[in-house]
Colleague: 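Dropping a structure here in structure tokens format, bear with me for questions.
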Amino acid sequence: MIRNPLILMIGALLLFGCQKADLADLNETIYVKNNGADMPVYVRGNGASKCFVVLVHGGPGGRGLEYAIGKSQEILEKEMAFAYWDQRGQGMAQGHYSVNELNVTQMTKDLRAVVLTMKAHYGDEAKIFIMGHSWGGTLGSKFMINVSNQSLASGWIEADGAHDIPRLNVQGIKLFKSVATEQLALGNSTAKWTDILNWANGIDTLNISYEQGGEINEKAYEAEELLLNDGILANGDDSYAPLLSPTNMLTSAITGNITAGLLDPEIESTSLTDSLFKITVPSLFLWGKYDFVVAPQLGVDAFNKVSSIDKELVIFQESGHSPMVNEPELFAQEIIEFVERNK
Amino acid sequence: MPRYPVTLFLILISYLSFSQTPGTREVSYHFGYLSNNAVRPGLNVGVEYGLTEWIKLKSKVKPGRGAVNMVKIHQLVVAANLGVLWHPKTSTSLLNTYTIEYRKTGRRRMQYQLGLGGAYMRSFFPNAYEVDEDGEVYSRPLGSAGYFGPTHFIGFGRYRTFPRTFQWWHLRIAGTYLLDYNAFLVPYLTAEIRLGFHKKPLGE
């Protein structure tokens, strides 16, 4: 007796969730199953443009929809569609697999599965661009250095991407020292910059431990906060993820933290700088001048190393680790121009 | 002091008290609004049955207030629930739980509950695809994933006076621990306001 109404109810709910999307104003979710993981891809924006940017979020432990808010996305989604992907073990991704299947190589295969699914869902004529931010830059770079994966993408956008963790720690310390000296000379937040300078001077850059790597990350946000308060960084966007979003914050936080903990030992030694020459697709590197998490020197390295004919490096003068937040209009404009050029 | 009128009075008071509290070995049905972390709304239906009960009756004669009678009922209740949680942009989940609960009915028919049991959740995904090892993409109509896990809850509510169809309301918070969700155990919190009904009002 109860079976039929229940099936009807589930059917109606799924049907509502699967309504035919308006291509020019897409707002739909695709689930991609790959090797045990069921991963949501939230596709939003102008799908009629046939240009889709697959956003590889930061973290690990982040979520795709963190990036779906704010001025930059408001501008970008009018011109193209963004596919906000929740990676394996993060955001609202679920499924069954073993801890051994939680590694960078598997996640690179997941990204390939996402791209293939996008092409299956929106048609082969869909132009796919990959954009990685922070940890997404590690994963995206690992994906892009594979020639077969490159053939699926029309372009690679790396925004403050961590493609070389040992190097970013060393460059981060250098940046702390130079910016602290500069800010002390300007008389800005002198007590705190003195502390940061003393701390940075105490780090042996030839032997940075795992714990010190975590410290560098923490200090990076502390330094950005100081620069923001002193008006050095632009405060372009103060949007934040609303509670009532599709992401269940508690589930996302728990799974994300566990996943980050499991991935960290592998990530800490990941260095892809020497493999970047394999990238031949059009590439855009977007970096914040005051990014202490992933110093701009890594953007310079990537720009110099890739073999792409169409390549560009943009350093945002009033940005930290997230130029899409500090200088959203400029950030969006660079991406629009790059996609227009390479679609 | 006349013994018989007092005894009769106590029996009458007890009868009235019991007629306003839940009986054991009765089936009641419930319907509730369910929510997961305030993000995903849902509905829940279920049935419960009182297995056994312990009754404590206290009578006191207080100066100026006459006889004060207090009835406390401690029960063990088993229940089966089927809930649907939904979000248009993520998944539709069926949450099936089987629980055993300790329930206490005290002053003013307030009920307090504490229980545990087992759960099975199945999530259904919109626009589901699967990619095989060769890179072939397949559509998965009604693509889904299921999880087992233990569940426990606390709650409170009120049992309404006199036998009636809408007999009680409860507010409860439950934690279900989904095993093998991704590659680990993940807690899943739900809150529910549920209304209890008898198919026929008791006493009819």
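Letters A, B, ... are given to chains in the order of the sequence lines, protein chains preceding strands, and every chain is numbered from 1.
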Colleague: Considering residues, nucleotides and ligands other than B:Ile154, do more than 12 of their heavy atoms fall under 6.0 Å from its CD1?
Modeller: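 No, CD1 of B:Ile154 has 12 or fewer neighbouring heavy atoms, counting only those of other groups under 6.0 Å.
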Colleague: Taking the side chain as every heavy atom from C-beta outward, state whether A:Thr29 and B:Thr90 have any pair of such atoms under 4.5 Å apart.
Modeller: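 Of all side-chain heavy-atom pairs linking B:Thr90 with A:Thr29, none is under 4.5 Å.
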Colleague: Hey, does the side chain of B:Asn127 reach the backbone of A:Glu28 with a donor-acceptor pair shorter than 3.5 angstrom?
Modeller: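 Judged by distance alone, no pair lies under 3.5 Å.
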Colleague: So, for A:Gln94 and B:Asn182, which heavy atoms are closest and what is the spacing to 0.1 Å?
Modeller: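 Taking A:Gln94 first and B:Asn182 second, the nearest heavy atoms are CA-OD1, 3.0 Å.
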Colleague: Could you please spell out the steps behind the salt bridge (Lys or Arg N to Asp or Glu O under 4.0 Å) verdict for B:Arg140 and A:Asp38?
Modeller: CA-CA 11 Å; B:Arg140 293 170 70 209; A:Asp38 290 289; 2.9 Å; yes
Colleague: Which pair of heavy atoms, one from A:Thr251 and one from B:Pro187, lies closest together, and at what distance?
Modeller: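 Smallest interatomic distance, heavy atoms only, reads OG1-O, 4.5 Å.
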Colleague: To check you understand the geometry: which heavy-atom pair defines the closest contact between B:Tyr147 and A:Gly95, and what is its length?
Modeller: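 Heavy atoms only, the tightest pair is OH-N, 2.9 Å.
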Colleague: For the atom pair CZ (B:Phe184) and CG (A:Asn257), what is the distance rounded to the nearest 0.5 Å?
Modeller: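 Here the rounded value is 10.0 Å.
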Colleague: Can you name the residues that form a side-chain contact (heavy atoms from CB on, under 4.5 Å) with A:Ala253, not counting sequence neighbours?
Modeller: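 Once residues adjacent in sequence are excluded, A:Ala253 has no partner under the side-chain contact (heavy atoms from CB on, under 4.5 Å) criterion.
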Colleague: Select one option (side chain, backbone, both, neither) describing which atoms of A:Ser98 are under 4.5 Å from chain B's heavy atoms.
Modeller: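 Backbone only.
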Colleague: Enumerate by number any residue of residues 115-132 of chain A whose heavy atoms lie under 4.5 Å from heavy atoms of chain B; in the absence of such residues, state 'none'.
Modeller: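 Those residues of residues 115-132 of chain A which have a heavy atom under 4.5 Å from chain B are A:Leu116, A:Thr117, A:Ala120, A:His121.
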Colleague: With chain B as the partner chain, list the residues of residues 259-267 of chain A whose heavy atoms fall under 4.5 Å from it, by residue number, and write 'none' if nothing qualifies.
Modeller: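 Hits under 4.5 Å: A:Thr259, A:Leu262.
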Colleague: Enumerate by number any residue of residues 40-57 of chain A whose heavy atoms lie under 4.5 Å from heavy atoms of chain B; in the absence of such residues, state 'none'.
Modeller: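 A:Tyr42, listed by number.
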Colleague: Using non-hydrogen atoms and a 4.5 Å limit, figure out which bit of B:Leu178 sits close to chain A: side chain, backbone, both or neither.
Modeller: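 Contact with chain A is absent: no heavy atom of B:Leu178 under 4.5 Å.
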Colleague: Kindly compute the distance separating CD (B:Glu130) from CG (A:Asn34), expressed to the nearest 0.5 Å.
Modeller: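 One finds 8.0 Å between CD of B:Glu130 and CG of A:Asn34.
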Colleague: Which value, rounded to the nearest 0.5 Å, describes the distance between B:Phe125 atom CZ and A:Met92 atom CE?
Modeller: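 So the gap between those two atoms works out to 9.5 Å.
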Colleague: Flag the pair B:Tyr181 / A:His96 as yes when their ring centroid distance falls below 6.0 Å, and as no otherwise.
Modeller: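 Centroid separation for B:Tyr181 and A:His96: 6.0 Å or greater.
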Colleague: Is chain B contacted by the side chain of A:Leu250, its backbone, both, or neither, given a heavy-atom distance below 4.5 Å?
Modeller: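 Interface part for A:Leu250: both.
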Colleague: Hey, what do you get for OH (A:Tyr31) to OG (B:Ser144), rounding to the nearest 0.5 Å?
Modeller: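 Between atom OH of A:Tyr31 and atom OG of B:Ser144 there are 12.0 Å.
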Colleague: Does any backbone or side-chain atom of B:Val137 lie under 4.5 Å from a heavy atom of chain A? Answer side chain, backbone, both or neither.
Modeller: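 Side chain only.
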Colleague: Treating B:Lys89 as the side-chain partner and A:Asn27 as the backbone partner, does any N or O pair qualify as donor plus acceptor under 3.5 Å?
Modeller: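 Indeed, once roles are kept as given, a pair shorter than 3.5 Å links the two residues.
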Colleague: Identify the heavy atoms of A:Tyr97 and B:Asp180 that sit nearest to each other, and give their distance.
Modeller: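 Of all heavy-atom pairs spanning A:Tyr97 and B:Asp180, the closest is O-OD1, 3.9 Å.
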Colleague: Count the heavy atoms of every other residue, nucleotide or ligand shown that sit under 6.0 Å from OH of B:Tyr98, and state whether that count exceeds 12.
Modeller: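 Counting neighbours around OH of B:Tyr98, 12 or fewer heavy atoms of other residues, nucleotides or ligands fall under 6.0 Å, so no.
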Colleague: Counting only non-hydrogen atoms closer than 4.5 Å, does A:Ala37 touch chain B with its backbone (N, CA, C, O), its side chain (CB onward), both, or neither?
Modeller: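 It is neither, since no heavy atom gets under 4.5 Å.
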